[in-house]
Amino acid sequence: MDTATRPRALTRTANKVPEITVFFWVIKILCTTVGESFADYINATLGFGLSNTTLVFSAALVVVLVVQFRATRYIPVVYWLAVVLISVVGTLLTDNLTDGQGVPLWISTVVFAVALAVVFAIWWARERTLSIHTIVTPSREGFYWLTVLVTFALGTAAGDWTMDLTGWGPGAAVLLPVALIAAVVAAWRFGAGPVLCFWLAYILTRPLGANIGDYLASGSADGGLGLGTLVTSVVFLAAIGATVAYLTVSKVDRTSASALDAA
């Protein structure tokens, strides 16, 4: 890209987002499950309450995002810690509206869907791309993380609303997002836009991970395995840690130089 056509920004960095490999989607789903189970553990099991839990995790997210924005390259442990925290905060946004304010899930779903469309529209109007392969300026990174937050809130609302409408248990509820993700992958394979398919899959992995978390944590009377929210959170956090450690050492998810040159 010619320098005259590059987006307005104070600095350019290496791409701050990992390459989209199988590891990306595995950790994304793990983070989503943790977002559901850990938020429930802190809020309900430990009795922190929605407001206090939201404040604690929001403060932690702000600290990690400051570190993420100050970095000049993709650092796996910082990036994925931000995703874990943003998954918790996104879940709590919907929970506060539903449980704290009594807002119906269908309204939350519509509100977050509109918010996501607005963020995408502004992002596109300013940057002329929604690709995550070009997160090389503070502006684009800001749009990226705002989008991620809204997708988690939207996925939470839409997933919970779907479960309310269908009456499915946590086990059966896993099947719907799996089927929808498979449809998105098929559409991508047959030529659908990769950026659109990526963001659709990103939204759908939220209810998928949350339903997996509910299935593992819920008691047998509710159709789950009865592991509880603490055990589920610890197991998935350990899996995230092990995968991130592997990526840090192997560097298999670093964006290629050609992608950076095209930014």
Side-chain angles (χ1 to χ4, degrees), residues 1-2 5-7 12 14-32 74 79-80 83 86-87 90 109-110 112-137 139-159 161-162 166 173-212 243 247 250-263:
M1 179 182 287
D2 185 79
T5 61
R6 282 176 175 171
R12 287 175 62 85
N15 192 35
K16 303 286 287 293
V17 175
E19 187 61 77
I20 308 305
T21 66
V22 64
F23 295 106
F24 179 94
W25 293 114
V26 167
I27 304 180
K28 168 60 166 60
I29 294 172
L30 293 173
C31 290
T32 299
Y74 161 63
Y79 175 88
W80 287 111
V83 175
I86 213 167
S87 71
T109 301
V110 172
F112 287 125
V114 171
L116 183 61
V118 170
V119 173
F120 276 141
I122 298 174
W123 185 355
W124 173 260
R126 180 178 173 87
E127 305 293 342
R128 294 299 173 184
T129 178
L130 302 178
S131 173
I132 69 164
H133 291 107
T134 58
I135 308 300
V136 295
T137 68
S139 174
R140 291 184 182 182
E141 188 169 13
F143 283 120
Y144 174 78
W145 287 111
L146 180 58
T147 300
V148 170
L149 176 61
V150 178
T151 61
F152 273 107
L154 173 59
T156 301
W161 183 30
T162 301
T166 60
V174 172
L175 300 178
L176 179 58
V178 167
L180 292 174
I181 291 170
V184 170
V185 172
W188 170 63
R189 288 290 189 182
F190 282 101
V195 174
L196 173 62
C197 290
F198 169 82
W199 285 114
L200 287 175
Y202 202 94
I203 294 169
L204 290 169
T205 50
R206 171 57 185 80
L208 172 60
N211 292 344
I212 291 173
T243 309
L247 295 177
S250 67
K251 301 182 180 180
V252 298
D253 64 337
R254 304 299 170 90
T255 305
S256 65
S258 60
L260 298 178
D261 293 339

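Values in this document were obtained by computation on a predicted structure and should not be read as measured data.
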Exercise. Return the set of residues passing ring-ring contact (aromatic ring centres under 6.0 Å, His included) with Tyr74 (not counting sequence neighbours), or none when no residue passes.
Key: Tyr79

Quiz prompt | Under the side chain to side chain contact (heavy atoms under 4.5 Å, CB included) test, residues paired with Ile203 that sit two or more places apart | solution = Leu116, Thr151, Leu154

Quiz item: Say you draw a straight line from CD of Glu127 to OH of Tyr144; how long is it, rounded to the nearest 0.5 Å?
Solution: 15.0 Å

Exercise. State the CG-CD1 distance between Leu130 and Ile132, to the nearest 0.5 angstrom.
Key: 11.5 Å

Practice problem: Sequence neighbours left out, what pairs pass side chain to side chain donor-acceptor pair (under 3.5 Å) with at least one residue falling in residues 193-210? | Solution: Lys28-Thr205, Glu36-Arg206, Thr91-Arg206, Thr156-Arg206

Quiz item: Would a distance-only check, ignoring hydrogens and angles, find a side-chain to backbone donor-acceptor pair under 3.5 Å from Thr243 to Ile27?
Solution: no

Quiz item: Quick one: ring-ring contact (aromatic ring centres under 6.0 Å, His included) partners of Trp25, sequence neighbours excluded?
Solution: Phe198

Exercise. Output all residues satisfying ring-ring contact (aromatic ring centres under 6.0 Å, His included) with Phe23, sequence neighbours left out; order by chain, then residue number.
Key: Tyr246

Self-check item: Spatial distance of atom CG (Asn211) from atom CG (Leu175) [nearest 0.5 Å]
Solution: 9.5 Å

Quiz item: Do Leu208 and Val174 have side chains that get closer than 4.5 Å, going by heavy atoms?
Solution: yes

Quiz item: Does Trp123 reach the main-chain N or O of Thr129 with its side chain, forming a donor-acceptor pair under 3.5 Å?
Solution: yes

Quiz prompt | Closest non-hydrogen atom pair between Pro207 and Pro177, with its separation | solution = C-CG, 4.3 Å

Quiz item: How many angstroms lie between CZ in Arg254 and OG1 in Thr21, if you round to the nearest 0.5 Å?
Solution: 12.0 Å

Quiz item: What do the steps show when you test Thr32 against Phe152 for side chain to side chain contact (heavy atoms under 4.5 Å, CB included), and what is the final call?
Solution: CA-CA 8 Å; Thr32 299; Phe152 273 107; 3.4 Å; yes

Exercise. Measure the OG-CD1 distance between Ser131 and Ile20 for me, rounded to the nearest 0.5 Å.
Key: 8.5 Å

Quiz prompt | Listed partners of Trp161 passing side chain to side chain donor-acceptor pair (under 3.5 Å), at least two apart | solution = none

Self-check item: Flag, side chain of Asp253 to backbone of Pro18, donor-acceptor distance under 3.5 Å
Solution: no

